[in-house]
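The structure under discussion appears below in the form of structure tokens.
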Amino acid sequence: MEVDCSNGQKRPIRTLYSKKYGVDLIRYTHGDANTVVYSSNKLDDTIRYLSLTDNKYIRYFPGHTDRVVALSMSPVDDTFISGSLDMTIRLWDLRSPNCQGLTNPLGKPVCSYDPEGLIFAAGVDSEAIKLYDLRSFDKGPFASFETLFSRVCEWTGLKFSRDGKQILISTNGGAIRILDAFNGSVLHTFSGYNNSKGISLEACFTPDSDFVMIGSEDGRVHVWSTESGMKIAVLDGKHSGPINTLQFNPKYMTFASACSNMAFWLPCVGD
């Protein structure tokens, strides 16, 4: 479902279906709110490029041989990267169905572009982050950092802060972590939210990089300061289930949280 967020009513615009293939990891393309790319969670592992205006596929991106678990659009152009359980990361261009490049990080990857679109980070086997230069990714990572959590969990996502100085690691456990993006040192580990069932809960930075937010199994949103590492708020959105998706809208200074039954839009911290 696509929703208009430019007014207080947050009215639905249209509902688009992908019943045969399922929908996962949906991403707007660079500079275009009318097209998206997304992965499948049903039949195959092809990535699809969809027009939202007429609900027609523009292009297919085949190549992965197992489920796609990470998808990140470049912030500067029409390229994107995908990570799969086939243990590869592939680079794509929206203008071509052919894979533009492939690297094998030697483990299950999650991946994300940096804010300038010059490098990408790959989290490998929930224990190391490898940094690749897009201009020479085929030569392997130019930096690698190991970071292990004290409790058993799998990494489910990576995100750079908007200033590019920090990397946020999301997990399916009860902790998330921020690393220094330049040397890999652990800045903060955040816990104290509920995730007893091992759900993949999405975390995000606020646009100013000053706060980190994550949903919880009990339907609340927990907020920490990235400077002090202290929890500064717990927001109750009245969700009836675990909040597995959380995204910020920097233009309107609101964020959206969603569980399997409903979605909410809330003003940012300090608004």
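Nearest heavy atoms, G192 versus H222: O-CE1, 3.7 Å.
Counting heavy atoms from C-beta on, the side chains of S126 and F149 never come closer than 4.5 Å. Side-chain contact between C204 and K159: present, with at least one pair of heavy atoms (C-beta onward) separated by less than 4.5 Å. In this structure, I47 and S82 have side chains that are in contact, with non-hydrogen atoms separated by less than 4.5 Å. Using a 4.5 Å heavy-atom threshold, the side chains of T147 and W155 count as touching. Residues L91 and L134 have side chains in contact (heavy-atom distance under 4.5 Å, counting atoms from C-beta outward).
Between D45 atom CG and D86 atom CG the span is 7.5 Å, to the nearest 0.5 Å. Within the model, atoms NE2 of H64 and SG of C99 stand 7.0 Å from one another, a figure rounded to the nearest 0.5 Å. Atom-to-atom distance recorded for R162:CZ and D210:CG is 12.5 Å, nearest 0.5 angstrom. The structure places OG of S185 at 7.5 Å from CG of L179, a figure rounded to the nearest 0.5 Å.
A 6.0 Å sphere centred on CD of E127 holds more than 12 heavy atoms belonging to other residues, nucleotides or ligands. Enclosure of atom NZ in K231 by more than 12 non-hydrogen atoms of other residues, nucleotides or ligands within 6.0 angstrom is indicated.
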Give the C-alpha distance, both sets of side-chain angles, the deciding distance and a yes or no for side chain to side chain contact (heavy atoms under 4.5 Å, CB included) between I89 and F137.
CA-CA 11 Å; I89 294 175; F137 68 89; over 6 Å; no
Test log, rule side chain to side chain contact (heavy atoms under 4.5 Å, CB included), inputs L50 and N55
CA-CA 7 Å; L50 177 70; N55 198 26; 3.8 Å; yes
Is there a side chain to side chain contact (heavy atoms under 4.5 Å, CB included) between I169 and L158? Walk through the geometry before answering.
CA-CA 5 Å; I169 303 173; L158 293 181; 3.7 Å; yes
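Donor-acceptor pairing under 3.5 Å is recorded for the side chains of D77 and S74.
Criterion: ILVMFWY side-chain heavy atoms under 4.5 Å apart, direct or through other members. Under it, V221 and F211 are part of a common hydrophobic cluster.
The other residues sharing a hydrophobic cluster with L187 are L168, I176, I178, F190, Y193, I199, L201, F205, V212, I214, W224, where clustering joins ILVMFWY side chains under 4.5 Å apart.
Every residue two or more places apart in sequence or in another chain that forms a side-chain contact (heavy atoms from CB on, under 4.5 Å) with R27 is listed here: L25, V37, L71, M73.
Listed by first and then second residue, the side chain to side chain donor-acceptor pair (under 3.5 Å) pairs that reach into residues 106-117 are T79-Y113, K108-E154, sequence neighbours excluded.
In this structure, S216 contributes its side chain and N194 its backbone to a donor-acceptor pair below 3.5 Å.
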